[in-house]
Amino acid sequence: MALLVFYRRVRDDQDEVEYSFGGTADNLDRHLVIEKESKQIRVLDDRNEGLARAAAGMIFRRFRTDGAWPERGVVQS
């Protein structure tokens with residue numbers, strides 16, 4: 001099974017960072033919020049959790065590598 005998830009940062013404040021994500025670059029219709037201190041993830045809908053986990057995993061990987069929350073990206077596998 002192929003996986004393709006695009007994400008884009010839409011909010012970054014002192015406590016949280018929020019991303020929109022979806023299956024195409026033009027349709028980022030889902031949102032996830034990461035609490036910066038605890039690194040807890042909150043998905044703002046109840047659809048396919050696998051897409052949210054894939055996006056969050058890549059976001060965290062880039063955060064650890066770059067030391068900053070990424071502006072945008074894509075997960076492809």
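Cluster partners of Phe6 are Leu4, Leu28, Val74, counting Ile, Leu, Val, Met, Phe, Trp and Tyr whose side-chain heavy atoms approach within less than 4.5 Å, directly or via other members.
More than 12 heavy-atom neighbours from other residues, nucleotides or ligands sit within 6.0 angstrom of CD on Glu16.
Under the 4.5 Å side-chain criterion, counting only non-hydrogen atoms from C-beta, Leu51 is in contact with Leu3.
Across all their heavy atoms, Ala54 and Val75 have their closest contact at O-CG2, 3.6 Å.
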Pairs of donor and acceptor atoms involving the side chains of residues 17-26, under 3.5 Å and at least two apart or interchain, shall be tabulated with distances.
unit_1	atom_1	unit_2	atom_2	d
Glu18	OE1	Arg11	NE	3.1
Glu18	OE1	Arg11	NH2	3.3
Glu18	OE2	His31	ND1	3.2
Tyr19	OH	Pro70	O	2.7
Thr24	OG1	Asn27	N	3.1

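Linking Ile, Leu, Val, Met, Phe, Trp and Tyr residues whenever their side-chain heavy atoms come within less than 4.5 Å leaves Val33 and Val5 in two separate clusters. Under a hydrophobic-cluster definition in which Ile, Leu, Val, Met, Phe, Trp and Tyr are linked whenever side-chain heavy atoms come within less than 4.5 Å, directly or via other members, Phe60 and Leu44 are assigned to different clusters.
Remark: Asp15 pairs with no residue by the salt bridge (Lys or Arg N to Asp or Glu O under 4.0 Å) rule, at least two apart or across chains.
Between the CD atom of Glu49 and the CD1 atom of Ile41 there is a distance of 8.5 Å, given to the nearest 0.5 Å.
Screening residues 31-41 for salt bridge (charged side-chain N to carboxylate O under 4.0 Å, His left out) gives Asp12-Lys36, Glu35-Arg42 as the qualifying pairs, with residues at least two apart or on separate chains. Every pair passing side chain to side chain donor-acceptor pair (under 3.5 Å) that includes a residue from residues 57-72 is listed here, sequence neighbours excluded: Tyr7-Arg62.
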